[in-house]
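Positions are given from 1 along the sequence.
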Amino acid sequence: QLQLTESGGGFVQPGGSLRLSCAASGFTLHYYTIGWFRQAPGKEREGVSCISSSGGRTNYADSVKGRFTISRDNAKNTVYLQMNSLKPEDTGVYYCAGDRRFPSGAFLSSQFYNYWGQGTQVTVSS
């Protein structure tokens with residue numbers, strides 16, 4: 001069973017940067033589409049970004065376009081989310097999720113993902 005572990009979260013001031021990592025174990029990540037989601041207190045979980053199994057297709061929520069970049073290193077079994085120009089509204093728990101049913105897809109909806117990590121907290125505040 002695919003296991004995903006997020007890291008890289010923390011506290012940062014507005015305008016700062018963080019890089020989140022999603023490390024996989026149990027299976028090679030090569031066959032999986034990976035998505036990043038976040039959930040702020042009192043709000044529903046929302047899709048942030050996703051990347052197809054080959055890395056050839058990516059997708060971003062409008063709120064993060066131009067600021068966040070998703071990438072993957074299949075040799076390291078890891079997917080990254082580089083977050084720049086962070087805003088207070090980016091605060092939340094960030095989760096990575098994976099699925100191999102649609103390897104060429106890049107979907108921001110949680111319904112397309114069966115495997116989830118435990119999350120890492122990102123706090124953007126002055």
Side-chain angles (χ1 to χ4, degrees):
Q1 181 174 341
L2 181 68
Q3 293 182 326
L4 301 171
T5 304
E6 304 92 339
S7 63
F11 183 95
V12 64
Q13 292 185 337
S17 298
L18 286 173
R19 187 176 82 157
L20 304 184
S21 297
C22 173
S25 61
F27 284 90
T28 177
L29 205 57
H30 175 75
Y31 301 105
Y32 290 79
T33 294
I34 298 295
W36 282 98
F37 295 79
R38 67 187 179 190
Q39 187 165 20
K43 294 186 177 181
E44 293 186 354
R45 188 175 297 184
E46 63 171 342
V48 174
S49 182
C50 52
I51 187 167
S52 62
S53 60
S54 68
R57 181 173 294 179
T58 59
N59 200 0
Y60 297 91
D62 288 342
S63 58
V64 306
K65 282 181 181 177
R67 300 188 297 121
F68 290 12
T69 303
I70 192 170
S71 62
R72 66 190 300 155
D73 186 339
N74 285 340
K76 294 183 178 180
N77 244 20
T78 303
V79 172
Y80 304 98
L81 184 68
Q82 178 67 43
M83 306 187 297
N84 299 328
S85 302
L86 283 161
K87 304 175 181 180
E89 50 264 43
D90 294 318
T91 294
V93 179
Y94 282 69
Y95 302 89
C96 67
D99 204 285
R100 63 181 296 172
R101 292 174 293 169
F102 310 101
S104 298
F107 306 108
L108 287 176
S109 174
S110 60
Q111 66 178 315
F112 291 100
Y113 299 89
N114 272 332
Y115 302 99
W116 292 80
Q118 294 300 307
T120 184
Q121 175 71 43
V122 171
T123 303
V124 185
S125 176
S126 55

More than 12 heavy atoms of other groups within 6.0 Å of [X] [atom1]:
| X | atom1 | result |
| --- | --- | --- |
| Arg45 | CZ | yes |
| Gln118 | CD | no |
| Glu44 | CD | no |

ask   = Cys50: what forms a disulfide bond (SG atoms under 2.5 Å apart) with it, not counting sequence neighbours?
value =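 Cys50 satisfies disulfide bond (SG atoms under 2.5 Å apart) with no residue once adjacent residues are dropped.
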
Mind checking the [atom1]-[atom2] spacing from [X] to [Y]? Nearest 0.5 Å is all I need.
| X | Y | atom1 | atom2 | answer |
| --- | --- | --- | --- | --- |
| Asn114 | Gln1 | CG | CD | 9.5 Å |
| Asp73 | Leu29 | CG | CG | 10.0 Å |
| Ser49 | Leu108 | OG | CG | 7.0 Å |
| Tyr32 | Leu4 | OH | CG | 9.0 Å |
| Asn59 | Ile51 | CG | CD1 | 11.0 Å |
| Arg67 | Leu86 | CZ | CG | 6.5 Å |

Please report the shortest heavy-atom distance between [X] and [Y], naming the atom on each side.
| X | Y | answer |
| --- | --- | --- |
| Pro14 | Ser126 | CD-N, 3.7 Å |
| Ser63 | Arg38 | OG-NH2, 3.4 Å |
| Tyr60 | Lys65 | O-CE, 3.4 Å |
| Thr120 | Leu20 | CG2-CD2, 4.1 Å |
| Ser54 | Arg72 | C-CD, 4.4 Å |
| Arg57 | Ala106 | CG-CB, 3.7 Å |

key: Aromatic plane relationship, Phe37 with Trp116 - under 30° parallel, 30 to 60° tilted, over 60° perpendicular   =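 Answer is tilted, since the angle falls between 30° and 60°.
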
Mind checking whether [X] and [Y] sit in one hydrophobic cluster, side chains of I, L, V, M, F, W, Y counted as touching below 4.5 Å?
| X | Y | answer |
| --- | --- | --- |
| Tyr113 | Val64 | no |
| Ile34 | Tyr80 | no |
| Phe27 | Tyr115 | yes |

request  = Any chance you could lay out the side-chain hydrogen bond (donor to acceptor under 3.5 Å, both in side chains) test for Thr33 and Asp99, step after step, and finish with the verdict?
outcome  = CA-CA 5 Å; Thr33 294; Asp99 204 285; over 6 Å; no

inquiry  = Please check this pair: side chain of Glu6 against backbone of Cys96, looking for a donor-acceptor N/O pair closer than 3.5 Å.
reply    =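 A pair under 3.5 Å: yes.
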
Under 4.5 Å between any side-chain heavy atoms of [X] and [Y], yes or no?
| X | Y | value |
| --- | --- | --- |
| Thr91 | Gln121 | yes |
| Met83 | Val48 | no |
| Val79 | Ile70 | yes |

inquiry  = Tell me whether Lys87 is salt-bridged to Asp90, with the criterion being a basic N under 4.0 Å from an acidic carboxylate O.
reply    =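 Between Asp90 and Lys87 there is no salt bridge, as every charged N stays at least 4.0 Å from the carboxylate O atoms.
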
query = Within 45° of the ring axis of Tyr31 and under 6.0 Å from its six-membered ring centre, is that where the NZ or CZ of Arg100 lies?
reply =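 Satisfied, under 6.0 Å and within 45°.
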
message = Would you say the rings of Trp36 and Phe68 are close, in the sense that their centroids are separated by under 6.0 Å?
response =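 Centroid separation for Phe68 and Trp36: 6.0 Å or greater.
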
